[in-house]
Q: 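First, the structure itself, so that you have it in front of you.
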2 protein chains.
Amino acid sequence: MSLAHTILASLVHHPTTGYELVKDFNERIACYWQASQQQIYRELSRMEEQGWIEGERVIQSDRPNKKLYRVTELGLKTLKDWLVQPSNPAAIREELLVKVLAGYLVDIAVIRAELERRRNYHQLRLEHYYQTEQEHFQDLDSATLSMQFTYRTLRRGIRYEADWVEWCDETLDWLNGMDQSNV
Amino acid sequence: MSLAHTILASLVHHPTTGYELVKDFNERIACYWQASQQQIYRELSRMEEQGWIEGERVIQSDRPNKKLYRVTELGLKTLKDWLVQPSNPAAIREELLVKVLAGYLVDIAVIRAELERRRNYHQLRLEHYYQTEQEHFQDLDSATLSMQFTYRTLRRGIRYEADWVEWCDETLDWLNGMDQSNV
DNA sequence: ACGCACATGTAAGCCGTTACATGATTAC
DNA sequence: GTAATCATGTAACGGCTTACATGTGCGT
């Protein structure tokens with residue numbers, strides 16, 4: 001149910017298209033909400049049916065036509081009503097950890113390779129977030145309230161990725177130490 | 001598909017029952033894989049059908065009867081084959097962050113209360129993990145390989161919860177600072 | 001001619017959530 | 001008698017994943 005609310009929270013800033021939303025979800029929102037292109041387009045249709053958003057066809061000459069969505073009064077009310085309700089922590093289903101749990105059953109090189117792959121993935125995302133921080137959140141004191149709240153979500157992303165990198169590092173250190181003692 | 005593999009990874013240590021598995025998922029596994037009681041029992045039935053595990057009825061006089069599951073050869077092979085395949089990071093869908101993103105739309109007291117609630121939740125889990133660490137992972141050097149791998153997953157849980165507590169704290173600090181400047 | 005960025009969709013199947021359901025034994 | 005722990009299930013619904021599908025305009 002909450003994908004719709006995430007889209008509302010993103011649309012309420014400024015009207016946008018499905019295509020732009022997909023990019024937003026990949027670049028900015030991914031650190032706390034993941035959704036595929038198919039999900040987003042389907043959800044936009046449903047939300048329009050319910051009257052939470054309104055879509056407007058925009059004819060373009062230099063590019064394919066697009067559909068610009070904006071939040072309606074009803075949509076804003078829906079979002080605000082949802083905002084004040086308590087929410088539960090997200091469910092986590094992390095395959096890598098299951099593989100670490102059972103890592104003793106297979107060649108350690110396999111686990112090491114996976115950990116290195118994951119470390120690189122999170123390092124990349126971390127650098128991406130740092131870049132966003134420098135580009136858009138340089139002067140926080142003079143930023144709008146909305147921007148400051150947005151920055152708090154970026155902070156979450158930064159902490160999350162940094163923490164993963166550190167865990168991968170400590171786990172790799174332990175793996176490498178283990179190897180030494182087995183030589 | 002991976003709930004089955006998580007169960008295999010847990011069962012491969014020692015045969016156990018659905019009831020015990022549910023407790024394991026709540027206490028130990030929750031930091032990287034969440035599953036409900038209903039899911040677990042349904043998955044056990046499916047896995048038995050596929051021949052990955054075998055269930056044995058155990059008659060008890062002092063307690064209700066139970067069904068003890070053990071991993072078959074086929075199940076072990078299935079697990080090992082899965083272990084060596086690469087896996088993607090988990091998808092995150094964190095409502096609280098969406099609420100922070102749109103937090104400027106509602107009374108800040110609502111957001112503050114939610115942050116405090118979340119901080120307490122993660123603090124509790126963190127303390128629970130520290131307790132597990134002291135009870136079961138005191139002497140790592142003399143522990144089995146399996147135990148050491150298990151400890152790595154606990155470390156992930158500890159880091160994860162500690163990181164959440166810190167983010168909640170820094171966000172609450174910012175919120176409180178904001179209030180001051182508005183007085 | 002080809003690849004890339006732009007732009008929007010449909011449909012099947014699997015998995016997770018929610019609600020419902022039952023019953024034994026122990027301890028207070 | 002009643003609450004807690006032990007113990008195991010069924011079924012409907014809704015959302016997410018995966019695969020499929022189509023088409024424009026620009027740059028090289």
Side-chain angles (χ1 to χ4, degrees), chain A residues 1-8 11 15-27 29-30 32-50 53 55-69 82 87-95 98, chain B residues 1-7 11 15-27 29-30 32-50 53 55-69 82 85 87-95 98:
Chain A
M1 219 34 206
S2 296
L3 172 57
H5 299 103
T6 309
I7 291 176
L8 283 176
L11 272 185
T16 191
T17 66
Y19 187 78
E20 284 295 320
L21 265 176
V22 172
K23 284 205 296 184
D24 278 2
F25 267 81
N26 288 332
E27 282 165 30
I29 305 176
Y32 54 89
W33 204 282
Q34 265 136 291
S36 65
Q37 174 256 317
Q38 291 90 335
Q39 259 182 290
I40 290 168
Y41 277 100
R42 187 178 47 182
E43 199 63 38
L44 285 170
S45 299
R46 281 184 198 156
M47 291 165 74
E48 195 175 14
E49 268 179 48
Q50 292 193 276
I53 57 175
E56 177 200 351
R57 290 264 167 215
V58 177
I59 311 299
Q60 299 186 121
S61 52
D62 55 336
R63 291 171 180 185
N65 298 338
K66 63 184 181 181
K67 199 170 175 184
L68 200 64
Y69 288 101
W82 178 79
S87 52
N88 292 319
I92 308 169
R93 296 192 180 87
E94 193 69 68
E95 292 191 1
V98 179
Chain B
M1 218 34 204
S2 297
L3 172 57
H5 298 103
T6 308
I7 291 176
L11 272 184
T16 192
T17 65
Y19 187 78
E20 284 295 320
L21 266 177
V22 172
K23 283 204 296 184
D24 279 2
F25 268 80
N26 287 332
E27 282 165 30
I29 304 176
Y32 53 90
W33 204 282
Q34 266 136 291
S36 65
Q37 175 256 319
Q38 291 91 334
Q39 257 182 292
I40 290 167
Y41 276 99
R42 187 177 47 179
E43 198 65 36
L44 284 170
S45 299
R46 281 183 197 157
M47 290 165 74
E48 195 176 15
E49 269 179 47
Q50 293 193 275
I53 56 175
E56 178 200 350
R57 289 260 167 219
V58 177
I59 312 297
Q60 297 186 119
S61 53
D62 55 336
R63 292 171 180 185
N65 298 338
K66 62 183 181 182
K67 199 171 176 185
L68 200 64
Y69 288 101
W82 178 78
Q85 279 162 30
S87 52
N88 293 318
I92 308 168
R93 296 192 182 86
E94 194 68 69
E95 292 192 1
V98 179

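Below, read A as the first sequence line, B as the second, and so on, with proteins coming before strands; counting in each chain starts at 1.
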Q: Starting at CD1 of I59(A) and ending at C1' of dC6(C), how long is that distance when rounded to a whole Å?
A: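 It works out to 15 Å between those atoms.
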Q: With rounding to the nearest 0.5 Å, note down the distance linking CD in E48(A) to NZ in K67(A).
A: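 Reported value, rounded in 0.5 Å steps: 4.0 Å.
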Q: Between E49(B) and R46(B), is the closest basic N to carboxylate O distance under 4.0 Å?
A: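 Salt bridge absent between R46(B) and E49(B).
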Q: Any chance you could list the contact pattern along nucleotides 14-20 of chain C? Use B for base contacts, S for sugar-phosphate-only contacts and - for none, protein heavy atoms under 4.0 Å, 5' to 3'.
A: -SBBBBB
Q: With rounding to the nearest 0.5 Å, note down the distance linking OG1 in T16(B) to OH in Y69(B).
A: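 Spacing of OG1 (T16(B)) from OH (Y69(B)) equals 11.0 Å.
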Q: Consider the side chain of R63(B), meaning its heavy atoms from C-beta on, and name the nucleotide among dA7(D), dC26(D), dT8(C) that approaches it most closely.
A: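 Within the option list, the nearest is dA7(D).
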Q: So, OP1 or OP2 of dG9(C): does either fall under 4.0 Å of a side-chain N or O from Y41(A)?
A: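 So the side chain of Y41(A) is outside the cut-off, no N or O lying under 4.0 Å from OP1 or OP2 of dG9(C).
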Q: For a quick check of understanding: with a heavy-atom distance under 4.0 Å over all strands, which category does S45(A) fall into, base, sugar-phosphate or nothing?
A: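 No contact.
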Q: Report yes if some heavy atom in the side chain of L8(A) is under 4.5 Å from a heavy atom in the side chain of M47(A); otherwise report no.
A: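 Yes. Closest side-chain heavy atoms under 4.5 Å.
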Q: Could you give the CZ-to-P distance, from R57(B) to dA7(D), as a whole number of Å?
A: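 So the CZ-P distance, R57(B) to dA7(D), works out to 13 Å.
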Q: Roughly how many Å is it from OH in Y19(A) to C1' in dG25(D), rounded to a whole number?
A: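 After rounding, the reported distance stands at 12 Å.
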Q: CD of E20(A) versus P of dA7(C): gap in Å, rounded?
A: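 Interatomic distance, CD of E20(A) to P of dA7(C): 7 Å.
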Q: How close or far is atom P of dA7(C) from atom CD of E56(A), stated in whole angstroms?
A: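 Going from CD in E56(A) over to P in dA7(C) covers 14 Å.
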Q: Atom CE of M47(B) to atom P of dT8(D): distance rounded to whole Å?
A: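 After rounding, the reported distance stands at 15 Å.
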Q: Could you give the distance from OG1 (T6(B)) to CD (E43(B)), rounded to the nearest 0.5 Å?
A: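 Going from OG1 on T6(B) over to CD on E43(B), the span is 9.0 Å.
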Q: Return the value, rounded to whole Å, for the distance between atom NZ of K23(A) and atom P of dA7(C).
A: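 Those two atoms, NZ and P, are 8 Å apart.
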Q: Kindly compute the distance separating CD (Q37(A)) from NZ (K23(A)), expressed to the nearest 0.5 Å.
A: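 The CD atom of Q37(A) sits 13.5 Å away from the NZ atom of K23(A).
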Q: With rounding to the nearest 0.5 angstrom, report the CD to CD1 distance, Q38(A) to I40(A).
A: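 Taking CD in Q38(A) and CD1 in I40(A), the distance rounds to 9.5 Å.
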Q: Between L21(A) (CG) and dA7(C) (C1'), how many Å, whole number?
A: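 For the pair L21(A) CG and dA7(C) C1', the rounded distance is 13 Å.
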